[in-house]
S.K.: 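Take a look at this one; I'll ask things after.
Just so you know, these numbers use all the heavy atoms, side chains as well, and skip hydrogens, waters and symmetry mates.
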Amino acid sequence: QVQLVESGGGLVQAGGSLRLSCAASGRAFSGYAKAWLRQAPGKEREFVAAITRSGGGTVYADSVKGRFTISRDNARDTVYLQMNSLLPEDTAVYYCAAGPVVVRGINYDYWGQGTQVTVSS
């Protein structure tokens, strides 16, 4: 079974940090671009950050630029999202996704099940 499995979500106070991880199982995703997206209650799913297959290129949503960092370890077939200076508006379910190229949107082919991030004020 092909899976992307997120972990690392939780409850944190505003100004705090969390590190999300997304590991692949069932097939190799090291040759795919990877992304993080999120969906807050009552809102549409939105792009957060993406990284190229090699890890040499990254793109970020303006709302997280300078606070979040996406990285990947292809040997472990894992992608990370380091989230610093968290704000209550960052509260959402965070999804890992994979696709053939970086897309500054939600059009990715493979998705994880999501991990909840809650930032309290």
Side-chain angles (χ1 to χ4, degrees):
Q1 185 178 0
V2 176
Q3 281 189 316
L4 293 170
V5 182
E6 301 96 335
S7 61
L11 174 64
V12 64
Q13 288 188 332
S17 298
L18 281 175
R19 188 193 195 204
L20 305 183
S21 300
C22 173
S25 68
R27 67 169 291 167
F29 283 99
S30 59
Y32 284 76
K34 299 277 184 66
W36 288 96
L37 303 97
R38 66 187 182 186
Q39 188 166 18
K43 294 187 177 181
E44 294 185 352
R45 193 168 297 188
E46 66 175 1
F47 171 82
V48 175
I51 189 166
T52 58
R53 288 173 288 180
S54 68
T58 57
V59 292
Y60 295 93
D62 289 344
S63 59
V64 306
K65 200 173 295 183
R67 299 188 297 123
F68 291 11
T69 302
I70 188 171
S71 61
R72 66 189 296 164
D73 182 342
N74 284 340
R76 298 176 182 271
D77 209 352
T78 300
V79 63
Y80 306 97
L81 186 67
Q82 177 67 43
M83 305 186 294
N84 298 329
S85 302
L86 282 160
L87 304 169
E89 48 262 47
D90 293 319
T91 295
V93 176
Y94 282 71
Y95 297 90
C96 170
V101 295
V102 164
V103 176
R104 200 185 182 98
I106 65 171
N107 295 323
Y108 286 88
D109 297 330
Y110 300 95
W111 292 81
Q113 83 289 349
T115 185
Q116 177 70 46
V117 171
T118 302
V119 184
S120 63
S121 57

S.K.: If you measure from CG on Asp73 to OH on Tyr80, what distance do you get to the nearest 0.5 Å?
M.R.: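 Taking CG in Asp73 and OH in Tyr80, the distance rounds to 5.0 Å.
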
S.K.: Please report the interatomic distance CG(Leu18) to OG1(Thr115), rounded to the nearest 0.5 Å.
M.R.: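 So the gap between those two atoms works out to 9.0 Å.
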
S.K.: Taking atom CG of Asp90 and atom OG1 of Thr118, what is their separation to the nearest 0.5 Å?
M.R.: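 If we round to the nearest 0.5 Å, Asp90:CG and Thr118:OG1 are 11.0 Å apart.
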
S.K.: For the hydrophobic clusters of this structure (ILVMFWY residues joined by side-chain heavy atoms under 4.5 Å, transitively), does one cluster hold both Tyr110 and Tyr108?
M.R.: no

S.K.: To the nearest 0.5 Å, what is the distance between CZ on Phe68 and OG on Ser17?
M.R.: 9.5 Å

S.K.: Are Val93 and Leu81 co-members of a hydrophobic cluster defined by side-chain heavy atoms under 4.5 Å apart?
M.R.: no

S.K.: Do Leu20 and Met83 touch side chain to side chain, with heavy atoms closer than 4.5 Å?
M.R.: yes

S.K.: Would Val12 end up clustered with Leu87 when hydrophobic side chains under 4.5 Å apart are linked, directly or stepwise?
M.R.: no

S.K.: Any side-chain hydrogen bond (donor to acceptor under 3.5 Å, both in side chains) pairs touching residues 49-59, not counting sequence neighbours?
M.R.: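 Output for this query is empty, none listed.
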
S.K.: If I compare all heavy atoms of Ala50 with all of Val102, which pair ends up nearest, and what's the gap?
M.R.: CB-CG1, 3.8 Å

S.K.: Does some side-chain heavy atom of Val79 sit less than 4.5 Å from a side-chain heavy atom of Phe29?
M.R.: no

S.K.: Return the CD to CD1 distance between Gln82 and Ile70, rounded to the nearest 0.5 Å.
M.R.: 12.5 Å

S.K.: Quick one, Glu6 and Trp36 - any side-chain contact, counting heavy atoms below 4.5 Å?
M.R.: yes

S.K.: I'd like to know if the side chain of Asp77 reaches the main chain of Ala28, judged simply by a donor and an acceptor atom lying under 3.5 Å from each other, with no hydrogens or angles considered.
M.R.: no

S.K.: Side chains of Asn74 and Arg72: closer than 4.5 Å at any heavy-atom pair?
M.R.: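 Yes, side chains in contact.
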
S.K.: Which atom names give the shortest non-hydrogen contact between Tyr32 and Pro100, and what distance separates them?
M.R.: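 Residues Tyr32 and Pro100, closest heavy atoms: CD2-N, 4.0 Å.
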
S.K.: List the atom of Tyr60, the atom of Ala49, and the distance in Å for their closest heavy-atom pair.
M.R.: CD2-CB, 3.5 Å

S.K.: Could you check if a side-chain atom of Arg76 sits within less than 4.5 angstrom of a side-chain atom of Ser21, using non-hydrogen atoms only?
M.R.: no

S.K.: May I ask you to decide if the ring planes of Tyr95 and Trp111 are parallel, tilted or perpendicular, using 30° and 60° as cut-offs?
M.R.: perpendicular

S.K.: Can you tell me if Lys65 has over 12 outside heavy atoms packed within less than 6.0 Å of its NZ?
M.R.: yes

S.K.: Compare all side-chain heavy atoms of Arg38 with those of Thr91 and state whether any distance is below 4.5 angstrom.
M.R.: no

S.K.: Enumerate the residue pairs fulfilling disulfide bond (SG atoms under 2.5 Å apart) with a member in residues 39-96, sequence neighbours excluded, ordered by first and then second residue.
M.R.: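 Sorted result for residues 39-96: Cys22-Cys96.
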
